[in-house]
Amino acid sequence: WHHVALTYTFGVPESVQGWIDGRRSEGGWDKSGATTRPPVVDDDEVWIGSARGGAVESTLHGALAGLALYRAALPEDELRTRYRVQGGLPAVDPSTLPAGTVRMELYESDSGRTEWPIDPGPPPRLGDPGSDAEFKDKAVEVVRFSSYLDPRDGVLIDLSPATFGDAPLGSNDWRGHAQNPTTGQPYEPVLVPRGDFGRALAEFWADGPDSETPPGHWNTLANEVSDTLGGDLRLGGEGDPVDRLEWDTKLYLALNGANHDAAVAAWGTKGYYDYIRPISMIRWMGGSGQSSDPAGPSYDRDGLPLVPGLVEVVTAESAATGGRHAHLADHVGEIALFAYVGNPSDPENEVGGVDWIRAVDWVPYQSPTFVTPSFAAYVSGHSTFSRASAEVLTAITGSPYFPAGLGTWTVPAGSLEFEAGPSEDVELQWATYRDAADQAGISRLYGGIHVRADDFAGRRMGATIGETAWAAAQTYFGN
């Protein structure tokens, strides 16, 4: 038996090195020759122990006792130790394996790693003594956001940077901006119906199927920023202006490098924690009952907490003629939510609105053909992408503020896709890139796609990723 290892860095032909029984083995490329081309990502088969379709002259005539694949090459000292023949057979006797099988180990990276490079820690869990209450509260919070989605409720909100902005990282504690740093004047209030704001926000940042996606969205915003800056393109806000080609090249490298890293980090975290989406948690807990009153009807410790006017038990009294739950008279004893009703039958002309519905029927504010993403929730990709992008734009422009201290995007009246609206133009406003990123994060709560834990953890991860990506990008810039 021999231990054989091969190390190789893609695109660096001189890095190819073989090892047999802990000793370097000299060799050469096959007749195709050395290459600097990167690997091709496709659905080709991977042949181990053979090549060229299993040709006899290209096949190992023997047995494989074990196989280990590493994403990163092990250090030379470890290779010498790990692959040195110690005497005797491998730990697994191949004679004990079923015919035609091998022992195989796959390593994503150095086997010494025991944690994610960026690990936000676990999200709250239902039934966990330390986080059960938080889990339930955040589910109810999404129901509350859902109850804000009716433009006919008469509630107006100020969406200007004076109100929405300057929140500490990983929070919605909006402190607002006292004044525009460019004009020196306070930001003017912008009052719009709350239901229009919530729906416009959810759709503007949705970036679902057949869209530019969240990274593409931030490339669009970056292009707007570059266009607004015109000829005053100073890397890091310092030095002489550079031409647009140099600016765009360096901007796209840093911005999309950050978004790539954000995708790897966010989806790695999603796979690891495998967290539930609001539609599943709200329907399941609501179907179980209420968890606030052990002596009351429909009690279940895993149910939704009761909140008057938002989460209630349907009773004979509340379901009587003229009662707030009268249309739910056939569901006495069930949990009802005051929330978004769902997509109207005529979305071009009608609004779904808000009313009392059965908890088991709750839906997010989304397209009826894309109710909720079919992968884990924690952390929010939108929040991670957006904060990482905001950090890059802050760094490359040398200012946390949009040009002239204000970034805007108008959602025209009647332009919504999920249903009719908004009833008037809604001009989304942000003082800083981070404010825009925070708004992207909270839009997912209005849309019913994420809970606060998903959003805040994604924001924190994105901040670290964006700063790190900008530092890495600068190493390629030269002078």
Side-chain angles (χ1 to χ4, degrees), residues 116 118-147 170 172 202 205-209 214 262-263 265-292 298 300-307 310-311 334-337 339-340 342 357-385 440-462:
W116 292 105
I118 302 178
D119 185 354
R125 297 281 189 181
L126 183 65
D128 174 66
S131 61
D132 178 81
E134 181 184 2
F135 181 94
K136 294 173 179 174
D137 288 345
K138 299 307 174 282
V140 170
E141 182 180 39
V142 173
V143 176
R144 184 172 289 109
F145 273 102
S146 179
S147 74
N172 286 332
W205 292 106
D207 297 325
W267 264 257
T269 304
K270 287 174 182 288
Y272 183 76
Y273 287 109
D274 194 23
Y275 201 53
I276 193 171
R277 292 278 180 176
I279 189 171
S280 298
M281 63 172 63
I282 291 170
R283 287 184 172 193
W284 191 88
M285 287 193 292
S288 297
Q290 56 87 11
S291 58
S292 296
S298 306
D300 188 291
R301 66 178 183 180
D302 291 333
L304 283 169
L306 294 175
V307 180
L310 187 69
V311 183
E334 294 186 20
I335 305 300
L337 308 177
Y340 179 62
I357 62 172
R358 301 169 67 204
V360 293
D361 292 333
W362 183 86
V363 292
Y365 178 78
Q366 295 292 313
S367 165
T369 59
F370 187 68
V371 178
T372 206
S374 58
F375 47 83
Y378 185 83
V379 297
S380 165
H382 280 64
S383 301
T384 313
F385 287 131
I442 200 172
S443 76
R444 306 301 276 170
L445 276 73
Y446 277 103
I449 297 300
H450 284 290
V451 295
R452 180 184 295 196
D454 309 335
D455 176 20
F456 288 178
R459 295 188 205 181
R460 289 190 290 268
M461 288 177 64

Using a 3.5 Å distance criterion without hydrogens, assess whether the side chain of Ser298 forms a donor-acceptor pair with backbone atoms of Gly289. no
Distance, nearest 0.5 Å, that separates CG of Leu306 from CD1 of Ile335: 6.0 Å
Please test Tyr273 against Asp119 for side-chain hydrogen bond (donor to acceptor under 3.5 Å, both in side chains), starting from the C-alpha separation and ending with a verdict. CA-CA 10 Å; Tyr273 287 109; Asp119 185 354; 2.7 Å; yes
Side chain to side chain, Tyr340 and Pro364, heavy atoms closer than 4.5 Å: no
List the steps, then state whether side-chain contact (heavy atoms from CB on, under 4.5 Å) holds for Phe135 with Ile276. CA-CA 11 Å; Phe135 181 94; Ile276 193 171; 4.1 Å; yes
Between Asp455 and Tyr378, does any side-chain donor sit less than 3.5 Å from a side-chain acceptor? no
With a 4.5 Å cut-off on side-chain heavy atoms, are Lys136 and Leu304 touching? no
Considering only heavy atoms from C-beta outward, does the side chain of Asn172 approach that of Phe456 to under 4.5 Å? yes
Thr384 side chain to Ser380 main-chain N or O, any donor-acceptor pair under 3.5 Å? yes
Residue pairs involving residues 361-384 (criterion salt bridge (Lys or Arg N to Asp or Glu O under 4.0 Å); sequence neighbours excluded): Arg358-Asp361
Tell me whether His382 contacts the main-chain N or O of Pro214 through its side chain, where contact means a donor paired with an acceptor under 3.5 Å. no
Is any side-chain heavy atom of Arg277 less than 4.5 Å from a side-chain heavy atom of Pro373? yes
Side chains of Asp302 and Ser291 in contact at under 4.5 Å (non-hydrogen atoms): no
Might you work through the side-chain contact (heavy atoms from CB on, under 4.5 Å) test for Trp362 and Val142, ending with a clear yes or no? CA-CA 11 Å; Trp362 183 86; Val142 173; 3.8 Å; yes
Please examine the side chains of Ser383 and Asp454, heavy atoms only from C-beta on, and report whether any two atoms are closer than 4.5 Å. no
Report the C-alpha distance between Gln366 and Val371 in whole Å, list the side-chain angles of each, state the deciding distance to 0.1 Å, and finish with yes or no for side-chain contact (heavy atoms from CB on, under 4.5 Å). CA-CA 6 Å; Gln366 295 292 313; Val371 178; 5.6 Å; no
Among Trp205, Phe145, Tyr365, which one satisfies ring-ring contact (aromatic ring centres under 6.0 Å, His included) with Tyr446? Phe145
With Leu337 as reference, evaluate Ile282, Val140, Leu310 under the side-chain contact (heavy atoms from CB on, under 4.5 Å) test and give the passing residue. Ile282
Go through the steps to decide whether Val307 and Arg144 satisfy the test side-chain contact (heavy atoms from CB on, under 4.5 Å), and finish with yes or no. CA-CA 10 Å; Val307 180; Arg144 184 172 289 109; 3.9 Å; yes
Testing the basics here: between Ser288 and Gly303, what is the closest heavy-atom pair and its distance to 0.1 Å? CB-CA, 4.3 Å
Apply ring-ring contact (aromatic ring centres under 6.0 Å, His included) to residues Trp267 and Phe375 and explain how you reach the verdict. CA-CA 9 Å; Trp267 264 257; Phe375 47 83; 5.5 Å; yes
Between Ala139 and Met281, which heavy-atom pair has the shortest distance, and what is it? CB-SD, 3.7 Å
Could you tell me the separation between the CZ atom of Arg444 and the CD1 atom of Ile442, rounded to the nearest 0.5 Å? 13.0 Å
Shortest non-hydrogen contact between Arg459 and Gly441, atoms and distance: NH2-C, 4.5 Å
Starting at CD1 of Ile357, measure out to CD of Glu334 and round the result to the nearest 0.5 Å. 12.0 Å
Under the side-chain hydrogen bond (donor to acceptor under 3.5 Å, both in side chains) test, which residues partner Ser292, sequence neighbours left out? none
Shortest non-hydrogen pair, Arg125 vs Ser131, comes out as N-OG, 2.9 Å
Within the 4.5 Å heavy-atom criterion, are Asp300 and Gln290 side-chain neighbours or not? no
Mind checking whether Val379 and Met461 have side chains closer than 4.5 Å, heavy atoms only? yes
